[in-house]
Amino acid sequence: MTDAQRSVAPPATNVVSQVDPPNRRRAVMAATVGHFVEYYDYTVYGYFAAIIGTHFFPTSDPVASVMAAFAAFALAFAARPIGGLVFGHFGDRIGRRTVLSVSILMMGLGSLIIGALPSYAAIGVWAPILLVFARLMQGFSTGGENAGASAFLVEYAPANRRGLATSWQQFALILALLAGSGVSALLRATMPEAAFNDWGWRLPFLLGALLAAVGLYLRLRLEDTPAFQRLATTSEVARVPIVEAIREHGRAVLTCGLFYISPGIASYILLIYMPTYASTVFGLPASQALLSNTIALALLLALIPVLGALSDRVGRKRLLIIFNAGLVIATYPLILLFANGTFTSVLVAQLVFAALFAFFFGPGTAMAAELFPTRVRYTGFAIGNNVATALFGGTAPFIATWLIAGTGNTTSPALMLIAGGLVSLIVVLRMRETSRLPLQ
């Protein structure tokens with residue numbers, strides 16, 4: 001089919017109205033439950049970096065051990081763009097459902113390996129090698145998950161509720177972080193410290209593997225999105241999605257990548273690295289650091305669907321401007337407050353950051369997904385999102401630890417957040433409002 005023929009084809013949004021509400025709710029549930037499992041498995045590693053470092057990267061220097069663990073965390077992000085390309089290609093060629101089912105299967109297997117893997121003391125150098133392999137598998141999987149779930153939700157949503165529908169994906173992501181933080185806090189509070197450090201930290205990974213099996217079951221029961229089914233029926237599926245995405249939608253791919261710089265840095269610094277930051281740098285007891293993080297995540301969780309629904313009414317762009325401008329203006333004062341090192345100061349700083357984050361997590365996914373047509377939405381989103389996250393998000397905890405160790409300035413991570421906010425703010429200011437445009 002030629003571009004001219006495609007231009008007069010009925011828009012993909014027309015078929016969404018034919019989906020009855022129960023089927024739409026089941027689709028949202030399956031996508032978000034699977035997304036929860038993916039990110040619970042993937043991010044729980046960040047909460048146990050210090051312990052993982054001692055088991056798999058033994059060294060006399062505790063800082064070096066933590067940095068090695070975060071280096072493995074960052075290395076997984078190198079696999080994300082590759083996974084995004086592979087999953088994106090097949091997601092745009094054969095459909096979203098099958099590819100998303102494979103991604104959650106791989107994530108669960110990676111989590112099972114980490115939870116059951118013997119330590120360096122037991123099997124020597126094979127321990128860190130297999131740990132890195134498991135993290136690469138998880139990174140590869142996540143490279144396809146975020147883009148696929150975004151495409152799945154935006155294509156199932158009614159035209160006037162795409163912000164709300166896709167906000168449930170971010171709701172699931174934060175719920176996964178909250179679950180990881182909550183489970184860690186619960187285990188630390190109820191287990192003897194020696195037992196927790198010896199084997200108790202493995203339990204959340206094993207639980208994640210079990211949850212992955214549930215998520216896989218739910219996804220296999222889904223039908224593909226109406227928009228993709230329409231393309232398949234009319235033989236409009238892209239032959240080589242990556243080529244079409246770059247050649248015909250290269251500007252959208254670049255915009256998507258720059259768009260995700262600030263949330264990539266902010267997410268992994270403020271939502272994953274913060275408990276380690278508070279406990280290892282400022283001496284806040286680990287249990288209090290995790291409790292503070294859990295409370296802040298709970299606030300963010302409550303605000304995400306509210307801001308997602310608001311973006312359907314007032315537009316996405318102005319909310320995203322508030323998020324990025326807020327990072328630029330408020331980060332340094334909040335990091336100074338955080339550096340006081342008391343439970344109250346850490347909690348207040350994290351609550352303000354959480355409220356600010358909602359202005360991205362509510363509307364952000366919808367606006368990024370709306371940049372692309374259905375033919376290459378999975379691939380285009382995957383390239384932009386994964387490259388930005390790999391370069392700026394996955395490396396953020398490692399760079400933050402290195403900055404503090406190298407400069408002696410405990411507030412130096414603020415510079416990363418401010419710089420990311422400036423770049424993405426400029427990009428958002430140049431983007432057009434998409435909330436009222438029909439889905440291509």
Side-chain angles (χ1 to χ4, degrees), residues 1-32 34-35 84 87-103 144-166 168-169 218-249 252-253 256 312 365-384 434-440:
M1 180 173 286
T2 66
D3 289 343
Q5 289 172 311
R6 288 202 303 266
S7 68
V8 298
T13 45
N14 288 352
V15 296
V16 177
S17 60
Q18 301 171 11
V19 180
D20 59 275
N23 281 338
R24 185 178 292 122
R25 286 194 292 270
R26 281 194 291 270
V28 171
M29 176 63 70
T32 53
H35 203 65
F87 281 109
H89 172 82
F90 288 105
D92 283 329
R93 286 287 299 158
I94 66 175
R96 287 70 163 110
R97 188 206 72 156
T98 301
V99 172
L100 285 171
S101 298
V102 173
S103 75
E145 168 63 26
N146 199 34
S150 301
F152 198 92
L153 289 169
V154 81
E155 290 170 11
Y156 254 110
N160 63 342
R161 294 185 181 177
R162 295 197 299 258
L164 175 61
T166 55
W168 292 115
Q169 177 187 356
L218 291 174
R219 286 187 169 179
L220 287 174
R221 297 185 64 200
L222 288 172
E223 293 185 358
D224 222 312
T225 69
F228 182 82
Q229 289 186 56
R230 169 187 168 277
L231 288 184
T233 301
T234 57
S235 301
E236 294 181 64
V237 174
R239 290 189 179 90
V240 187
I242 184 174
V243 174
E244 184 173 324
I246 295 174
R247 184 180 61 198
E248 299 184 22
H249 306 282
V253 172
C256 182
D312 288 324
T365 300
M367 193 161 188
E370 289 163 347
L371 288 170
F372 303 99
T374 301
R375 286 170 58 89
V376 296
R377 179 167 294 115
Y378 203 140
T379 301
F381 191 110
I383 296 172
T434 57
S435 61
R436 293 177 177 81
L437 297 177
L439 201 65
Q440 301 176 61

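If you're wondering where the values come from, they're calculated on a predicted model, not measured in any experiment.
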Residue pair [X] / [Y]: nearest heavy atoms and the distance that separates them:
{"X": "Val376", "Y": "Ala238", "value": "CG1-CB, 4.3 Å"}
{"X": "Thr166", "Y": "Ala366", "value": "OG1-CB, 3.2 Å"}
{"X": "Asp312", "Y": "Gly163", "value": "OD1-N, 2.8 Å"}
{"X": "Thr374", "Y": "Asp92", "value": "O-OD1, 3.7 Å"}
{"X": "Gly144", "Y": "Phe87", "value": "CA-CB, 3.5 Å"}
{"X": "Val154", "Y": "Ala369", "value": "CG1-CB, 4.0 Å"}

Next item on the list: Quick one: list whatever passes side-chain hydrogen bond (donor to acceptor under 3.5 Å, both in side chains) with Ser150, sequence neighbours left out.
Entry: Gln169
Next item on the list: Sequence neighbours left out, what passes side-chain hydrogen bond (donor to acceptor under 3.5 Å, both in side chains) with Ser101? Give chain and number order.
Entry: none
Can you tell me how far apart [atom1] ([X]) and [atom2] ([Y]) are? Round to the nearest 0.5 Å.
{"X": "Thr379", "Y": "Arg93", "atom1": "OG1", "atom2": "CZ", "result": "10.5 Å"}
{"X": "Ile383", "Y": "His249", "atom1": "CD1", "atom2": "NE2", "result": "11.0 Å"}
{"X": "Phe152", "Y": "Leu100", "atom1": "CZ", "atom2": "CG", "result": "7.0 Å"}
{"X": "Thr434", "Y": "Arg436", "atom1": "OG1", "atom2": "CZ", "result": "10.5 Å"}

Without swapping roles, check the side chain of [X] against the backbone of [Y] for a donor-acceptor pair under 3.5 Å.
{"X": "Gln229", "Y": "Asp224", "answer": "yes"}
{"X": "Arg375", "Y": "Pro241", "answer": "no"}
{"X": "Arg96", "Y": "Gly91", "answer": "yes"}
{"X": "Thr225", "Y": "Phe228", "answer": "yes"}

Checklist line | Pair Arg219-Glu145, salt bridge (charged side-chain N to carboxylate O under 4.0 Å, His left out): steps then yes or no | finding: CA-CA 12 Å; Arg219 286 187 169 179; Glu145 168 63 26; 2.8 Å; yes
Check: Who passes ring-ring contact (aromatic ring centres under 6.0 Å, His included) against Tyr378, sequence neighbours left out?
Finding: none
Next item on the list: Say whether Thr233 and Arg230, considering side chains only, have a donor N or O and an acceptor N or O under 3.5 Å apart.
Entry: no
Margin query: Measuring only between side-chain heavy atoms, which start at C-beta, is Phe381 closer than 4.5 Å to Leu371?
Written below: no
Checklist line | Heavy-atom side-chain contact between Arg162 and Ser435 under 4.5 Å | finding: no
